[in-house]
Amino acid sequence: MGKSTVPKPPIVVLTGAGISKESGLDTFRDADGIWAKVNIEDVATPGGFHRDPARVHDFYNMRRRGLNDPGVGPNPGHLALARLEKEWPGEVLIVTQNIDDLHERAGNANLIHMHGELNKVRCQGCGAVMGWTGDLGVGDACPRCTRTGTLRPHIVWFGEMPLEMERIQEALDGCGLFVSIGTSGNVYPAAGFVSHVRAVGIAHTVELNLEPSVGASLFAETLYGPASETVPAFVDRVLTRGW
């Protein structure tokens, strides 16, 4: 089924690690998540990269191998959001905190990776951003400028500004529905999106999560359960009768 010709209000969907957990990827802030196993300062800050780039590369190489394992793929939550973008007669923007590419594999095209992408690297010498699915090391040369030692994961680390914030703010200002899926509500600026939307006052706000987030009380509606179940059911509802 294609989109109707009658335009509908835009939808903004924020996704976090909870939507990818059922695809076999680790979350960050669960009791057994990534940040319980490694020191943030060592692997997710500019200072950590400056002190020991090899250690940082090893950390992201391991995660990149996990993401690109043949057994990892989009789950029904990702596929439902791709269906929403395809069939909703208006704009659907996915803003993801996730650095995996499961939304793209599911079929989403209107997408912002506000925290960067694991399968890309960035050159600190020439500024080029390139796809990169293999291991990355300190001796690798930039394919664009040929300098060695300038490549880093295309990841927004703690202390750095998330990507495309101006575009995100514009989308939040004009949306009719804001949905937060699988987020902890701990990480700003994404945790503040629901407050921003509420202040504008024109959008319905919904949280879909395994359990209430830190900011759950700020949402007009909350639905809890596995993303592979709640997201397809919610998308069915929206496409059938709106919100």
Side-chain angles (χ1 to χ4, degrees), residues 3-4 6-20 27-29 77-78 80-104 106-117 154-210 212-224 227 230-231 234-235 237-239 241-243:
K3 290 190 177 186
S4 165
V6 180
K8 295 281 189 177
I11 297 173
V12 175
V13 180
L14 171 69
T15 65
I19 197 171
S20 293
T27 61
F28 285 88
R29 295 180 179 274
H78 296 103
L81 292 179
R83 178 188 170 211
L84 180 65
E85 181 182 325
K86 179 181 179 182
E87 297 184 15
W88 180 250
E91 182 180 19
V92 175
L93 174 65
I94 308 297
V95 178
T96 187
Q97 297 171 279
N98 298 336
I99 58 176
D100 62 62
D101 62 351
L102 298 183
H103 284 302
E104 288 93 335
N108 280 113
N110 195 25
L111 178 68
I112 295 175
H113 281 274
M114 63 181 296
H115 291 164
E117 299 177 66
H154 184 51
I155 305 297
V156 176
W157 287 326
F158 289 91
E160 298 180 325
M161 180 63 68
L163 306 176
E164 297 196 57
M165 285 304 300
E166 184 174 344
R167 182 183 167 201
I168 293 170
Q169 293 291 349
E170 290 177 357
L172 293 173
D173 287 343
C175 70
L177 173 66
F178 172 70
V179 187
S180 176
I181 302 172
T183 66
S184 65
N186 281 302
V187 180
Y188 284 83
F193 288 175
V194 63
S195 295
H196 181 90
V197 170
R198 280 169 56 98
V200 175
I202 61 174
H204 182 54
T205 57
V206 182
E207 174 172 272
L208 305 180
N209 218 345
L210 194 59
S213 71
V214 172
S217 63
L218 298 173
F219 290 87
E221 182 181 357
T222 54
L223 300 167
Y224 299 116
T230 59
V231 178
F234 183 73
V235 167
R237 184 185 108 185
V238 170
L239 291 176
R241 57 185 176 88
W243 53 86

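In what follows, every heavy atom counts, from backbone to side chain, and hydrogens, waters and symmetry copies are set aside. All residue numbers refer to positions in the sequence shown, counting from 1.
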List for me each residue that meets side-chain hydrogen bond (donor to acceptor under 3.5 Å, both in side chains) alongside [X], sequence neighbours excluded, and say none if there are none.
X    : result
Q169 : H196
E104 : H113
H154 : R122

Of all the heavy-atom pairs spanning [X] and [Y], show the shortest one and how long it is.
X    : Y    : result
A80  : V231 : CB-CG1, 3.9 Å
A191 : G185 : CB-O, 3.4 Å
D100 : S20  : OD2-OG, 2.8 Å
V197 : A203 : CG1-CB, 3.4 Å

So do the side chains of [X] and [Y] get within less than 4.5 Å of each other, counting heavy atoms only?
X    : Y    : answer
Y224 : L208 : no
V95  : M114 : yes
F178 : L172 : yes
L84  : I94  : no
Q97  : P162 : no

Expected list for residues 212-222: side-chain donor-acceptor pairs under 3.5 angstrom, two or more places apart:
unit_1 : atom_1 : unit_2 : atom_2 : d
S213   : OG     : E207   : OE1    : 2.4
S213   : OG     : G215   : N      : 3.3
S213   : OG     : A216   : N      : 3.3
E221   : OE1    : H204   : NE2    : 2.8
E221   : OE1    : R237   : NH2    : 3.0
E221   : OE2    : R237   : NH1    : 2.6
E221   : OE2    : R237   : NH2    : 3.4

* Are the side chain of N108 and the backbone N or O of E85 linked by a donor-acceptor pair below 3.5 Å? -> no
* Is a donor on one side and an acceptor on the other found under 3.5 Å between the side chain of N209 and the backbone of S184? -> no
* **Candidate pair W243 and V206, rule side chain to side chain contact (heavy atoms under 4.5 Å, CB included), full reasoning** => CA-CA 10 Å; W243 53 86; V206 182; 6.0 Å; no
Output the distance between atom [atom1] ([X]) and atom [atom2] ([Y]), rounded to the nearest 0.5 Å.
X    : Y    : atom1 : atom2 : answer
I181 : T230 : CD1   : OG1   : 7.0 Å
W157 : H115 : CH2   : NE2   : 14.0 Å
I168 : L163 : CD1   : CG    : 8.0 Å

Under 3.5 Å, sequence neighbours excluded: what are the donor-acceptor pairs made by side chains of residues 7-15?
unit_1 : atom_1 : unit_2 : atom_2 : d
T15    : OG1    : T96    : OG1    : 2.7
T15    : OG1    : H103   : NE2    : 3.0

* Pairs meeting criterion salt bridge (charged side-chain N to carboxylate O under 4.0 Å, His left out) with involvement of residues 166-180, two or more places apart -> E164-R167
